[in-house]
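Heads up: the structure comes next, in structure tokens.
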Number of protein chains: 2
Amino acid sequence: MTELIEIAHPRVHACGRQPGESYCDTCKVRSLAVCAALGSEELPELDRIVHHTRAEAKTTFIHQGETAESVFSVTEGVVRLYKLLSDGRRQIIGFAMPGDFLGLALHNRYGFSADAVDHVALCRFERRDFDNLVTAKPHFLRRLHEFATHELVIAQEQMTLIGRRSAEERVAAFLIAMRERWARIKGPSVTIQLPMQRIDMADYLGLTIETVSRTLTKLARDGIILIVPEAVRVLDERRLAAIARA
Amino acid sequence: MTELIEIAHPRVHACGRQPGESYCDTCKVRSLAVCAALGSEELPELDRIVHHTRAEAKTTFIHQGETAESVFSVTEGVVRLYKLLSDGRRQIIGFAMPGDFLGLALHNRYGFSADAVDHVALCRFERRDFDNLVTAKPHFLRRLHEFATHELVIAQEQMTLIGRRSAEERVAAFLIAMRERWARIKGPSVTIQLPMQRIDMADYLGLTIETVSRTLTKLARDGIILIVPEAVRVLDERRLAAIARA
DNA sequence: CACACGATTTGATCCAGAGCAAGGACGGAT
DNA sequence: ATCCGTCCTTGCTCTGGATCAAATCGTGTG
């Protein structure tokens, strides 16, 4: 199992600068991003406890069932969160993208595993430190609660998708959802980046890899999308939305 | 659409007692239950804003898409939460039982509908009042955040159930989950109360009513459960758990 | 009691998506 | 360039659960 690479301790940033010296720009940008996600500009308090961390593709850095010792915030790349059944069946319960938090549940064990889809940069916090910070700052807690309830809404939407909608509807809704998530990060585009593999989409949508592939092919044959490596381009906005719409 | 019956305003309890008089016992017990759920004994503050409410079976009291004006806490009975697709397909996203909260998401519209499976008693709060209370009491906020993250864990479990497990596994897991929830409320029992209809189980598990019925019949034929009205009795603990286990 | 109505069970068929197998397409190593 | 390994696509068959259709069971009602 590949190890998580801790590129920076609170006082030793990736750039190699030493304590007391001014911020490494990359780390500063990342810390600020997490602060922004928490709705704050009080960088110093958060920066005292942040560990800047990197993970290569397929590195598993949260293991279902293990003691929850860290809270993460994604700053670059895409992370997949999944649950495994004992016989190997897998359900991906979500993709975490820049700005998202992982491991927020106040349980002492992780309920899922998480690994990097591509190269990922993360801010890591010791749970104890993070809890102290949140306890001291009720508006952080409020923000986290907003995150949690938003994730709950997404999860309920996903239950409906998986429980009651056809393969074509699931794939279309997934494409639309991915496009909206990227739009919030990078601005709107007709090209929907899909850094994850087909098998990840399948395990997220409760389908098989073959069904996902066939469904994408069908959407392409119908002139609704164009399949390109690592992405799809939307050709017919209206029809894609019509299929995805509940 | 049946109306929600507000049986008591803060100062006019169900028993008919008037302001200034001592508590109606039933209302007091219910208010206390909600306080306990919030991890507090500061009854007066909460009681100032609670509306004791009742709903008959099938009364819909949360409508998906409407402005979220109330927060509820169930004190008696079972509530089903569901999302409807435009063509009538329904996904039940959860059952709320005594002690559970509804409408906690900090969104201005409800993301689901809720109605009473059987006769239900609820404590209702105006969202504004509830928010003020929570903002004033960070430990309430913390408790609510715990609720939200716990619900998220349940929702993720359910995604896995619906996305990756067979009909028999879903039904067995549902029975075990229901038994554990009742056990926390009423203490352990080999009889699992099932106040909801087959169609509700089906819409919760992403199956059809026929499949639920057939699966229960199969479990009964295999000597694992005994089907009785409104409930099932567990005959073979071990085998049921083995099927339900992930 | 007979009847009606809704919930549930059971039976018979169907089909969307799973499972299996065989090719492509693409990138990295030699 | 060639070989590999991985991912993706496509064709074919199979099957779990959906769908359609009847009973059967309960419960309330005139």
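Below, chains carry the letters A, B, ... as their sequence lines are ordered, and counting in each starts from 1.
- Look at CZ on A/Arg221: it is 8 Å from P on D/dT10, rounded to the nearest Å.
- Taking atom NZ on A/Lys218 and atom P on D/dT10, their separation rounds to 14 Å, with Å as the unit.
- A salt bridge does not link B/Arg165 with A/Asp87: none of the charged nitrogens is closer than 4.0 Å to a carboxylate oxygen.
- Partner B/Thr191 forms a side chain to side chain donor-acceptor pair (under 3.5 Å) with one of B/Arg233, B/Arg179, B/Glu230 and no other, that one being B/Arg233.
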Tabulate protein N/O versus nucleotide N/O from nucleotides 16-19 of chain C, keeping only pairs under 3.5 Å, one per line.
unit_1	atom_1	unit_2	atom_2	d
C/dG17	OP1	A/Ala167	N	2.9
C/dA18	OP2	A/Thr208	N	3.3
C/dA18	OP2	A/Thr208	OG1	2.9
C/dA18	OP2	A/Thr211	OG1	2.3
C/dG19	O6	A/Arg214	NH2	2.7

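- The residue A/Thr217 sits close only to the backbone: its heavy atoms come under 4.0 Å of sugar-phosphate atoms, none of a base.
- The CG atom of B/Leu205 sits 19 Å away from the P atom of D/dG16 (whole-angstrom rounding).
- A salt bridge does not link A/Glu169 with A/Arg164: every distance from a Lys NZ or Arg NE/NH1/NH2 to an Asp or Glu carboxylate oxygen is 4.0 Å or more.
- The CD1 atom of A/Ile227 sits 13 Å away from the C1' atom of C/dA25 (whole-angstrom rounding).
- Of all the heavy atoms in B/Thr75 and B/Cys123, the pair that sits closest is CG2-SG, 3.8 Å.
- Across the protein-nucleic acid pair, A/Leu219 atom CG and D/dT9 atom C1' stand 15 Å apart, rounded to whole Å.
- Here D/dC25 presents its C1' atom at 12 Å from CZ of B/Arg198, a figure rounded to the nearest Å.
- For the side chain to side chain donor-acceptor pair (under 3.5 Å) with B/His119, the qualifying choice from B/Arg54, B/Glu56, B/Glu76 is B/Glu56, the only one to do so.
- In summary, the side chains of A/Ser213 and A/Arg198 do not present any donor paired with an acceptor at a separation below 3.5 Å, with no hydrogens or angles considered.
- For B/Gln197 and D/dG26, the CD to P distance is 16 Å, given to the nearest whole Å.
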